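All remarks here apply to the structure that follows.
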Amino acid sequence: MDKRFILALDQGTTSSRAILFDRTGAVAGSAQREFAQIFPQPGWVEHNPREILTSVLVTVTELLANAQVELADVAAIGITNQRETTVVWDRATGQPVYNAIVWQSRQSMEICERLKREGVEPLVRERTGLLVDAYFSATKLRWILDHVDGAQERAERGELLFGTIDSWLIWNLSGGAAHVTDVTNAARTLLYDIHRCCWDDDLLHALNIPRAMLPEVRSSSEVYATTAPSQFFGASVPIAGVAGDQQAALFGQACFEPGMAKNTYGTGCFMLMHTGGQAVPSKHGLLSTIAWQIGDRVDYALEGSIFVAGSVIQWLRDGLRMLGKASDSQAYAERVASSDGVYMVPAFVGLGAPYWRSDVRGAVFGLSRGTSKEHFVRAALESMAYQSRDVLTAMEADAGIALTELRADGGAIANDFMAQFQSDMLGVPVLRPRVQETTALGAAYLAGLAVGFWRDCDEIAALWQVDRRFAPVMPANERDRLYRGWQDAVNATMGFRV
Ligand code: G3P
């Protein structure tokens, strides 16, 4: 009998999810588990790699129990992951030598400064499409090799392995049989030439990274390994799709044509525009990156990476205790007609695209005696939309394409107020799809294509359905006035150095 499902494992920054999809791309069951965020020093963020693995296995157990599905009914597994987060482990024992250093973490800033002083940045831009920033994996890896006793020597002897979270999961689920990654994850390491599609010897040399510790880079849709029964509930299931979470969301949103774009509002917010078979270099502070590789064909994307989006609402809830739950933010925001001149610039870990300023921190402007919690919450939600407008402006300039609509997903897009304000601020319709688990869906599609569960991208594009279309209603002069206020707020934030 034909197997009925694809299992997607979505390993994100604050939680892991396991989601089952059927042939129509509908969710047939899901489970989610949060795990600990470790903050050893201000600006540092780490995870326990073992806890990440456990959280993934626990969600699979829960999912199978709740959905009453057997792994025998799963045709393949797709993996998608928080990108850039860096793990180094012992090849013989599987033991990590240090915590996973998370993409948000700034602990390798000094290494970045050194690379800039040594003049490496132009090479980084040309080969990787990225820029020198603590966001990407390579300087996190350098930090581990510098700070863990004997790590450099052991890595040179081939005793230690490096991987992003996809590699870590596949290595463990396959019982150590495969040390691999896919092109989208490799493209975020700062060590990968996105044009020639290979590890770059000059960059490996500049960072003194031993080649022996790197995973083999494969396409985004192929069988990489099968799960080892001893590690995966007694089952041998092919792992057949891998992509970093933002690229997976672009795929799940069926943005297959140049000029199509999506925005995902998760912990951060990441807007990606498909640019076809060529990498478009950015002149406006964006990244060029690999969208995916299927067969021999490599597709590229322009990306605007915003470091803080959904986490500003988490901060209102957990830090300021202004909200009981994140979803209350919509009701608060709608209780006032405007933010009354209040602007919040949530630069908690500096500013990402298009500014790239790690030395600034968050700020709130325009407070008056009449400012209420409602204004504050509204300003926080609006900050996601303003940051996305900054990125979209840069993207249209880089790509030379005016966006006609934006497909949107991620937790905060469930917030109707934010979705409408986003559409108003961009002046283009924002489309919320019926399946909002777009990241997991993209990984499932990539895996399903590899094993013949779905035929091709046309079949997948036909499965995409809109849930709600938010069309712009705000007059252009009002939009421009509000946005000018935001630009002033950002400039003032950048003028205040911590
Ligand atoms: O580049 C970081 C990104 O992959 C994290 O995504 O959804 O965990 O915020 P998310």
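Throughout, residue positions are numbered sequentially from 1 according to the sequence presented. Atoms within each ligand, like the ligands themselves, are counted from 1 in listed order. Fair warning: this is a prediction, and the values are worked out from it, not measured in the lab.
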### Query
Does the gap between the ring centers of H179 and W89 come in under 6.0 Å?
yes
### Task
Could you check whether the rings of F251 and W292 sit parallel, tilted or perpendicular, using 30° and 60° as the cut-offs?
perpendicular
#### Entry: Nearest protein heavy atom with distance in Å, relative to atom 3 (C) of ligand 1
D245 OD1, 3.5 Å
### Query
Considering distance alone, does some N or O of R188 sit under 3.5 Å from an N or O of ligand 1?
no
### Message
Evaluate Q253 against L441 for side chain to side chain contact (heavy atoms under 4.5 Å, CB included), listing each step before the verdict.
### Response
CA-CA 8 Å; Q253 288 275 28; L441 181 59; over 6 Å; no
### Task
Give the atoms of ligand 1, by number and element, whose distance to some non-hydrogen atom of Y135 is under 4.0 Å.
1 (O), 2 (C)
### Query
Can you tell me the protein heavy atom closest to atom 8 (O) of ligand 1 and the distance?
T13 OG1, 2.4 Å
### Message
Between N99 and E46, is the side chain to side chain donor-acceptor pair (under 3.5 Å) condition met? List the steps.
### Response
CA-CA 6 Å; N99 275 337; E46 297 179 355; 3.0 Å; yes
### Message
Would G268 count as a contact residue for ligand 1, given that I'm defining contact as a non-hydrogen atom of the residue lying under 4.0 Å from a ligand atom?
### Response
yes
### Query
What's the verdict on ring-ring contact (aromatic ring centres under 6.0 Å, His included) for F39 and W44, showing C-alpha distance, side-chain angles and the deciding distance?
CA-CA 6 Å; F39 305 113; W44 296 25; over 10 Å; no
### Query
Is the cationic atom of R378 (NZ for Lys, CZ for Arg) positioned less than 6.0 Å from the six-membered ring centroid of F417 and within 45 degrees of its normal?
no
### Message
If you measure every N or O of Q82 against every N or O of ligand 1, does any of those distances drop under 3.5 Å?
### Response
no
### Task
Heavy-atom distances under 4.0 Å are what count here, so tell me which part of E84 touches ligand 1: side chain, backbone, both or neither.
side chain
## Note on the structure
So the atoms of ligand 1 within less than 4.0 Å of a heavy atom of T267 turn out to be 9 (O)
